[in-house]
Structure formats: structure tokens, C-alpha cells
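What follows is a short report on a single structure.
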Amino acid sequence: MALSWNEIKERATKFSKDWEDASNERAEAQPFLEGFFDVFGVSRRKVGLFEKRVQKLDERDGFIDLIWKGMLVVEMKSRGKNLDKAFKQAKDYMPGLKDHELPKYIIVCDFENFRLYDLEENKQSDFQLTELVKNIQLFDFIAGYKKKVFKDEDPVNIHAAEKMGKLHDALKEAGYVGHELEVLLVRLLFCLFAEDTGIFEKQAFQDYIELKTNEDGTDLGLYLQQIFDVLNTSEKERQNTLDEILTTFPFVNGQLFAENLHLASFNSKMRSILLECCYIDWSYISPAIFGSMFQSVMNPEERRNLGAHYTSEKNILKLIEPLFLDKLWGEFEKIKNNKKKLIEFHTKIASLRFLDPACGCGNFLVITYRELRLLELSILKQLYIKQQLVTDLGLLVQCNVDRFYGIEYEEFPAQIAQVALWLIDHQMNMIISQEFGEYFVRLPLRKSAKIVHGNALRIEWDTITEPLPSETESSIKKFDYILGNPPFVGKKEQNQEQKYDMKIIFKDVKGAGILDYVTAWYIKAAQYLKKYNTEETDLKSDTKVSFVSTNSISQGQQVGILWNELFNKYSIKIHFAHRTFKWNNEARGNASVHVVIIGFSNFEVANKKIYEYENTGDEPHEHIVKNINPYLVEGLSSIIMNRTTPICNVSTMNYGSMPIDNGHLILSDSEKESILKKEPTSSKFIRPYTGGKEFLNNIKRWCLWLKDVNPISIKDSKEIHLRIKRTKDFRLESNRGATNNLANFPSLFGEIRQPISDYIIIPKVSSSNRKYIPIGILKQNIIASGSSLIIQEASLYNFGILSSIMHMTWTSYICGRMKSDYQYSANIVYNNYPWAEKPTKKKKEAVEKFAQEVLDVRLQFPESSLADLYDPLSMPQALVKAHQKLDKAVDLCYRSQPFKNEASRIKFLFELYDKYTSGLFAKKKVTRKRKRI
């Protein structure tokens with residue numbers, strides 16, 4: 001089990017300090033390397049690290065200080081020695097190694113200076129021993145993490161989307177709107193792409209506009225219509241009197257230009273914008289830009305309602321690579337020198353079927369098709385590139401867009417998706433033309449992707465497939481891969497139709513009303529898998545699915561409802577997962593959200609992968625695991641359900657008190673002073689009032705607390721009477737009957753849960769950047785608001801457990817999130833938390849001692865808020881040490897063996913949770929082992 005990066009950094013800091021004063025003797029190289037690899041929790045014996053004698057080119061013997069076959073060579077030198085010579089020496093060893101032993105990395109080091117050579121990326125990194133911790137992630141390959149770097153979007157994509165957005169805005173402002181505007185934009189995009197990629201003659205579209213139309217743009221609509229008519233007419237059926245430029249345009253077909261549109265009226269500004277679009281080299285534009293363009297022209301309200309978080313190429317690759325692409329490339333590498341197997345492999349990839357049941361503008365389908373064609377290109381090069389002449393590429397290229405299917409709710413993006421797939425097909429045809437030296441184009445268009453305009457949640461997905469010419473009826477209706485980015489719509493944002501969709505999909509599923517809209521696609525996919533991935537049907541297949549989803553489906557209350565259904569009813573197994581990361585797109589406005597990617601099916605696979613992010617905006621690290629649970633961590637498939645009482649014998653947790661007053665019973669500092677200036681005797685009715693925000697940031701607020709107050713004592717207070725009256729009026733005006741009833745008690749908080757003794761307070765929302773959620777013990781006279789959670793009995797032991805890294809580990813995996821912030825809850829986090837089983841009195845006293853030390857250290861910084869004290873960049877050393885002592889004491893309550901890392905903690909906690917909830921506390925019978933004879 002790999003160490004976390006925080007643990008590795010701690011070890012690296014200690015290692016650097018220990019070796020700062022190392023002597024220059026060469027004999028120290030081996031203990032130095034032992035310590036270096038121990039930083040990453042790597043045993044030399046485990047990975048086969050050893051010294052090796054090799055014969056160099058000059059036939060003299062060389063001695064490699066350390067070799068990790070196929071991965072790494074290390075050459076150590078005494079302090080101050082030339083590292084360039086050390087690197088040359090390491091390179092001289094290479095001819096003496098076998099092919100499978102050749103390294104990807106070389107490290108040269110003189111005990112003070114490190115130099116890492118990445119031979120695959122041709123990169124060099126230099127730093128001193130004292131800077132090791134800052135550069136530790138360069139060694140992710142040692143730590144057991146494999147860094148995955150995805151392609152960034154070319155800025156020209158963004159520029160093109162912005163230009164098309166401006167053209168859309170100008171046409172819409174002029175009154176050209178709706179369906180016809182959408183079709184016109186799709187046609188223009190096709191023409192812009194076509195003239196830079198060989199479909200049209202170079203600049204034919206631009207020249208026709210510049211040479212034929214007036215600068216004021218008044219006749220531009222008419223000339224565009226002429227182009228569209230020509231593109232929809234075969235060469236045989238065209239008039240022989242056509243303009244010379246128009247005759248150069250090919251017959252496109254595919255119904256793209258078939259519909260008659262009203263002429264669009266342009267002006268000089270619109271003509272200029274269109275020409276600016278022509279000046280962009282669209283051969284550099286990914287057809288995935290169609291999705292970005294669509295998003296860029298939507299208004300924010302539409303984007304929110306449709307959940308249209310359109311996707312960057314970089315993020316699409318995060319999904320399709322582990323879903324199928326990595327495996328296909330791996331298979332290619334194994335068989336590329338076997339012609340027979342390679343031909344069979346080519347047929348296999350060309351027969352794959354893909355479905356995106358929420359395809360939008362086709363981004364996922366476009367990038368998937370492109371990557372499949374790039375793989376096909378490598379196959380064809382391996383099979384045929386050595387031949388002197390390839391006479392017909394059309395006979396060699398097997399992959400085509402008719403194996404790609406989509407379902408899209410909106411008509412316009414469905415049109416864009418179909419056109420985008422044609423364009424990426426042409427783009428790939430141009431690439432293969434360059435490779436083989438033969439022009440290959442598929443015009444007129446005869447095959448197309450099938451993009452269905454409809455509601456994917458009310459369509460049976462297998463009904464949209466049709467047999468291809470080479471197929472029989474029994475071999476169709478099966479998708480090999482289902483993938484995509486279903487709408488990100490939370491419970492509160494769902495419209496009536498979406499709520500009805502959820503009701504249909506989650507019929508009879510208790511608690512499903514809180515689920516995000518995306519969860520319906522998981523159930524729909526699971527239903528498909530159940531139908532086809534079973535032994536009881538002749539339609540047996542091994543379909544795999546992967547969706548991008550809001551991270552809420554792997555956190556908090558939604559997990560129990562969704563995954564209980566998926567695991568128990570549909571036997572779903574998670575194959576890979578990207579844990580929470582920030583999902584950005586390349587369009588105007590650049591909406592971002594925190595998401596996960598989950599790959600699954602209803603059968604097991606050997607190697608499962610988790611992609612970890614140290615920070616949500618970083619690159620992921622790949623980690624091979626045995627099983628992935630619904631919280632996207634390694635471990636048994638445990639599901640944490642919503643509970644109203646704790647699973648352990650501990651005090652209950654509740655919300656603070658809720659005023660339900662429209663602010664009339666709550667006072668700021670200035671309002672409090674104003675009342676006391678007029679009515680000093682009112683001080684006995686004013687109490688400190690704190691919620692999560694106030695508690696964390698040391699914000700002073702107050703409230704009128706009139707519980708059990710004799711009415712006569714407030715009789716003469718005009719200020720208090722006025723606030724009570726306004727509270728009553730507010731409650732009477734409410735549309736809720738329960739709130740109306742509270743008007744009978746206008747002087748009291750609507751919901752009173754204030755403890756009668758000192759209590760523990762936990763903020764409901766806290767930054768995930770903090771190592772610990774700041775928790776406190778407050779006096780009973782401080783009124784806790786509903787934005788905080790409280791525990792009635794403020795024992796130091798309970799405070800210590802909840803303030804520990806053990807509890808924080810549980811929280812970080814189990815609790816819900818508001819963006820990336822922790823959203824703590826009683827029913828999910830606290831009530832399910834597995835407390836230590838029967839710790840001894842001595843161990844409990846140790847927790848209490850160090851819990852009090854944490855509280856005492858905080859008091860040493862009276863000017864600092866808890867937000868300041870727990871900022872990871874400024875947390876005082878004394879507080880850090882106090883928490884470390886507390887963490888150790890809490891760990892010992894659970895077990896005497898230290899926890900190596902965060903992964904071992906969460907695994908232990910899940911196992912303890914399973915034990916508690918499975919009723920395994922009963923003493924097991926001791927069975928004597930039989931002796932072996």
C-alpha cells in the first residue's frame with residue numbers, strides 16, 4: 001500500500017536532515033540509497049534493487065551503484081565530484097544491459113546534489129539535498145504512483161469559440177433566432193473547417209465571401225445560400241453556368257445542407273466577424289470545439305438548467321484511457337510483429353460500438369473516434385508502410401463513424417455532434433493521407449453516426465442500434481463501451497420533467513429524492529448491463545461503462561442510496577476511479593465543478609485503478625488496487641447509510657438552535673451596543689451567538705435569548721418588543737404552516753436545542769485545506785446556531801477523538817462536500833464513526849491529557865482566529881506538536897501497531913465499521929488447530 005505524499009514529504013525532510021553532514025566516503029553510498037528508497041516506503045529487495053557489474057563498450061568492467069531493471073539506474077559520487085561525468089559514466093553502462101533492463105530514469109548524486117534524468121521525456125532536474133522535499137514528486141515512479149499527463153487545449157480552440165460566439169450574438173440581436181440560427185451556425189462551422197482541411201479548395205469559402213459580397217454585408221446571406229445549395233447538389237445535377245468558384249465546391253450530402261432556411265440579413269460588422277473566423281486556420285481546431293462553441297453561446301440560466309458542463313479534451317482522455325484505450329494500445333504493442341494477429345486486432349477495433357447517452361455536442365464521441373483512428377493508423381503503418389505503393393486507402397481503413405451512437409435531449413447539440421464526427425473523420429483521413437502519400441477522402445458522405453434527439457432516461461438504449469451490412473440481427477444491439485458526461489443537476493435545480501425522470505428510474509428506491517440527476521444514468525446503464533452482461537442470454541457481452549459525475553455521488557448521504565441499489569440489485573463492480581478533481585472546460589465563462597470519474601461494469605477485473613489528486617487542480621497519480629469501494633478508496637465495498645443514532649455508545653449529535661426570525665432576534669455588535677445604550681437592563685437577555693462561520697473566524701454576534709424569561713421583565717423594553725413583533729409578523733406571513741404556528745411564541749427561537757451544560761461544537765462546513773476541522777468546547781451560555789453541530793456532553797475524551805487525524809481520515813472520505821469543502825453531518829459521518837473498541841482507562845486518560853493541551857495551546861494565541869491557527873501555511877508549531885501527541889494517543893486507543901499511512905487508517909476504520917454493524921462483538925469460539933502429521 002503506497003504512502004501518501006504527506007507521509008513521503010515527512011520522511012524526505014528527516015532523510016535530508018540526517019544526511020546533511022554525511023562524509024565523502026564512497027562506502028556510504030549504499031546506506032544512503034537504502035535511506036533514500038525508505039523515504040518512499042520501498043524495500044530494495046521488494047523491487048529488485050541491487051548493485052550490478054557490467055561490461056562497457058571498451059570491454060572494461062563497470063560497476064552500477066544501483067539498478068532497478070527497466071526503471072532506474074543510480075550513480076553515486078563523493079561530494080563535489082562532477083555530475084556531468086557521473087551521468088556519462090551511467091550512460092556508458094547502457095550497452096552492457098539487456099533491453100528489458102534499460103532504465104527510464106537515471107539519478108546521479110554526490111550526497112549533496114541530486115540530478116534526475118527522465119530519458120523518455122528528455123528532461124533534467126537539478127536540486128540540492130536540502131531541497132529534496134520540494135522536488136519529491138519527481139520521484140512518483142518510486143513511490144508507486146504513475147503520473148498521467150494529459151494534453152492541454154490549444155488556445156486557438158478558445159479563440160475560435162469566442163469568434164463564433166460573437167457571430168451568434170450579432171445574428172441573434174438582429175432577429176435571426178431559433179432553429180434556423182442554429183442550423184446556419186452548424187453549416188458555417190462546417191465550411192470554415194472544410195476549407196482548411198482539404199474538403200474545399202484552400203480558401204475557397206473565404207475568397208467567395210471577400211470577392212463576391214458587398215463590404216456592407218447586405219448581400220452576404222444570399223451568397224451563403226448559393227454555397228449551401230451547391231454543397232447539397234451532386235456535380236451531375238448542377239447548372240453549367242455556375243460561378244467558377246462555386247464549381248470547385250464538392251457534393252457533401254449527409255443532409256447537412258438539405259433544409260431550406262430563410263435568408264439571414266447581415267451587416268458590415270457581421271461580415272467582418274465571419275471573415276475573421278475565416279482567417280483562423282481551422283486545420284488546427286479540434287472538432288471538439290463544437291461543444292465549446294455551443295456552450296459559449298448559451299446564457300448562464302440555460303447552462304445551469306441543462307447541466308451543460310462541456311468537456312475539455314484533457315478531461316475526456318482521463319475517462320477513455322483507463323476505460324479502453326490503454327488496454328487496446330497494450331494489446332497492439334504485444335502483437336504488432338504478428339501480422340495475422342494484427343489483422344484480427346484491426347477487425348476487432350473497427351467493430352467496437354460506442355454509446356454516449358448524454359452526448360451534448362459529441363465531445364466524448366469525437367475524441368474517442370480520433371483516438372481509435374490514431375490506433376488504427378499505427379496498425380496500418382505496421383502492416384503496410386513498408387510496401388512501395390498502397391493503391392486504395394479506402395480498402396484499408398475500416399474504422400468509421402457508423403459505430404458511434406449518441407442520445408441528446410436538445411436538437412441543436414445533436415446536430416453538432418453528428419457534424420463533428422464527420423469532421424474528425426475527415427481530419428483523420430488527412431493524417432492517414434499524409435502518412436501513405438495518397439489522398440483519401442470520404443465524399444459524398446455515405447455513413448454517419450447515429451445521434452438520437454430524445455430523453456435518454458426514457459429510451460431503451462439498445463433500440464437505437466441497427467444491423468450494419470456485415471452483421472446479422474443476433475450480433476447487434478450490444479455496445480462495447482458506454483461513456484459520457486451526464487448533466488450535473490442537483491436535487492434543488494431539477495425541473496419538473498427531470499424530477500419525473502428520477503421518479504421513473506428510482507421507482508420504489510427509498511430516499512432517492514435527494515439524488516443528483518446524473519445518478520439516473522448509472523441506474524439506466526446498470527439495467528443495460530444486467531440485460532446483456534449475463535450468462536442467461538444469447539446476447540452475452542462484456543460492456544463497460546464510465547461516466548463523469550459530480551463528486552457528491554461518492555460522498556455523504558447519496559452514497560448509501562445509489563450504491564446500495566447498484567451493488568445489491570445490479571451487482572456493479574467499480575473498475576477504476578478518478579477521485580475528486582476540478583473539472584474545467586475550454587469555453588467562454590469556463591464553468592468549473594468538482595467531479596469524479598467512475599468506470600464500472602457487472603463483472604470483476606484483475607487490476608483496478610484509483611487516480612489520486614494531491615490537490616484538485618493537479619495531475620493524477622495512478623495506483624493499482626484490489627477493490628474500490630463507493631467512496632473511491634481501496635477496501636471492501638462497504639456502504640455507509642444514513643443513521644439517526646450512533647453505531648457506538650456515545651453522546652448524540654444535533655444541530656444548534658434555529659431562530660426562524662428573518663434576523664430580528666439576532667444582533668450585530670453595533671446593534672447590541674445600540675440597545676444597551678438605550679436600555680442597559682436588557683443585557684441579561686442578550687447572549688453570545690455563534691455558528692460555524694463565527695466560531696472559525698472569531699466573529700462576534702449576539703441574540704435575544706428569552707427562554708424561561710418572565711414576561712414582566714421585558715415589559716418596558718421597546719427595542720425588544722419591536723423585534724418580537726417583527727418576528728411574529730414574519731412567521732405569520734410564511735407559506736409554511738409550521739412557521740405560522742411558531743408565531744404563537746414570537747419571543748423564542750423556532751427550534752431550541754441549546755445544551756444545559758458545556759458542549760462540543762463542530763462547524764458544518766470547513767475548508768478541506770485544513771489538516772483538522774477546528775472543533776471546540778463552549779460554555780452553555782453561548783448559543784449555538786443551526787450552522788453548527790453540537791454534542792451535549794463536552795468530555796475531553798470525545799473532543800480528543802473528534803479532533804484527531806483518525807477521525808479526520810474518516811471525515812475526509814465519508815462526508816459530503818460543498819465544492820471541495822467538508823460538509824460535516826451527524827447522520828452520515830458522526831453516527832457511523834467507529835470509535836475505539838474498549839480502550840483502557842490509561843489510554844483514555846492520555847487522550848484527555850493531550851486534548852487539553854490542544855485547547856491550552858490555542859489560548860496562547862488570543863488574537864488569532866481558529867481559521868488562522870489551522871491554516872496549513874501558518875499553523876503554530878506548538879499547536880502542530882500538540883495535535884501530533886493527541887493523534888498518537890488516539891491511535892493507541894485503536895491498536896498498538898502504528899498506522900503506516902492514510903490508506904491503512906481508512907482500511908482499518910472500514911473493517912471496524914463492518915465489525916460494529918455486523919454484530920460481531922460476540923466472543924468467538926476458540927477452535928484448536930489440528931496438528932499436521
Side-chain angles (χ1 to χ4, degrees), residues 491-492 652-765 776-792 794 818 823-826 865:
K491 169 195 170 185
K492 294 181 180 178
T652 58
M653 175 181 283
N654 214 328
Y655 289 108
S657 299
M658 304 280 285
I660 312 179
D661 65 333
N662 202 28
H664 300 306
L665 299 178
I666 310 303
L667 307 172
S668 64
D669 245 359
S670 59
E671 288 172 327
K672 172 202 165 192
E673 294 303 323
S674 176
I675 290 176
L676 294 182
K677 189 174 182 179
K678 298 174 186 176
E679 303 169 357
T681 57
S682 296
S683 61
K684 57 189 173 183
F685 308 127
I686 299 176
R687 296 271 195 94
Y689 178 71
T690 189
K693 183 178 179 181
E694 293 82 10
F695 174 69
L696 289 172
N697 297 284
N698 202 17
I699 297 172
K700 290 184 178 180
R701 292 181 80 196
W702 311 84
C703 70
L704 294 177
W705 191 254
L706 304 174
K707 186 174 182 290
D708 299 327
V709 169
N710 192 326
I712 196 169
S713 61
I714 57 173
K715 180 180 179 182
D716 298 327
S717 174
K718 292 182 180 179
E719 289 290 330
I720 292 178
H721 266 281
L722 179 61
R723 287 178 174 270
I724 293 173
K725 183 180 183 305
R726 287 174 178 170
T727 300
K728 182 173 184 175
D729 292 342
F730 165 74
R731 292 174 178 177
L732 287 172
E733 291 169 2
S734 173
N735 295 324
R736 296 178 68 242
T739 305
N740 297 153
N741 292 336
L742 292 176
N744 294 319
F745 315 99
S747 64
L748 302 180
F749 271 43
E751 297 176 11
I752 298 176
R753 289 181 286 268
Q754 183 64 18
I756 59 174
S757 60
D758 294 353
Y759 59 94
I760 293 174
I761 182 171
I762 301 180
K764 280 174 61 180
V765 179
I777 297 179
L778 298 183
K779 298 293 184 182
Q780 67 180 83
N781 69 305
I782 301 174
I783 307 303
S785 81
S787 66
S788 60
L789 294 158
I790 57 175
I791 300 172
Q792 298 275 352
M818 183 178 291
Q823 193 167 18
Y824 198 94
S825 70
S865 68

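Values below: every heavy atom of this structure, side chains too, minus hydrogens, waters and symmetry copies. FYI, the numbering just counts along the sequence from 1. Just so we're clear, the structure is a prediction, and the values are computed from it rather than from any experiment.
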Any donor-acceptor N/O pair, [X] side chain to [Y] backbone, under 3.5 Å:
X	Y	result
Asn710	Ile712	yes
Glu694	Gly691	yes
Arg731	Ile660	yes
Gln792	Ser757	no
Asn662	Thr727	no
Glu679	Lys718	yes
Ser674	Ser670	no

Do [X] and [Y] touch side chain to side chain, with heavy atoms closer than 4.5 Å?
X	Y	result
Ile761	Ile782	no
Thr652	Ile791	no
Ile762	Met653	yes
Arg687	Lys707	no
Ser787	Phe695	no
Lys764	Leu789	yes
Pro659	Tyr689	yes
Pro755	Gln780	no

Nearest 0.5 angstrom please: [X] [atom1] to [Y] [atom2], how far?
X	Y	atom1	atom2	answer
Leu704	Glu719	CG	CD	10.0 Å
His664	Leu722	NE2	CG	9.0 Å
Ile714	Ile724	CD1	CD1	4.0 Å
Ile675	Trp702	CD1	CH2	12.0 Å
Tyr759	Asn654	OH	CG	12.5 Å
Lys715	Ser713	NZ	OG	11.5 Å

Looking only at heavy atoms, which two atoms of [X] and [Y] are closest? And how far apart?
X	Y	result
Asn781	Pro688	O-CD, 3.8 Å
Cys703	Ile783	SG-CG1, 3.8 Å
Phe730	Asp661	CD2-C, 3.7 Å
Lys677	Pro680	O-CD, 4.4 Å
Asn740	Ser734	ND2-O, 3.1 Å

Would you tabulate the side-chain donor-acceptor contacts of residues 744-753 under 3.5 Å, counting partners in other chains and residues two or more places apart, or write 'none'?
residue, atom, partner, partner atom, Å
Asn744, ND2, Asn741, O, 3.1
Glu751, OE1, Arg753, NH1, 3.0
Glu751, OE1, Arg753, NH2, 3.0
Arg753, NE, Tyr655, O, 3.1
Arg753, NE, Gly656, O, 3.2
Arg753, NH2, Gly656, O, 2.9

Would Asp758 and Leu778 count as a side chain to side chain contact (heavy atoms under 4.5 Å, CB included) if you check the C-alpha gap in whole Å, the side-chain angles of each, and the deciding distance to 0.1 Å?
CA-CA 6 Å; Asp758 294 353; Leu778 298 183; over 6 Å; no
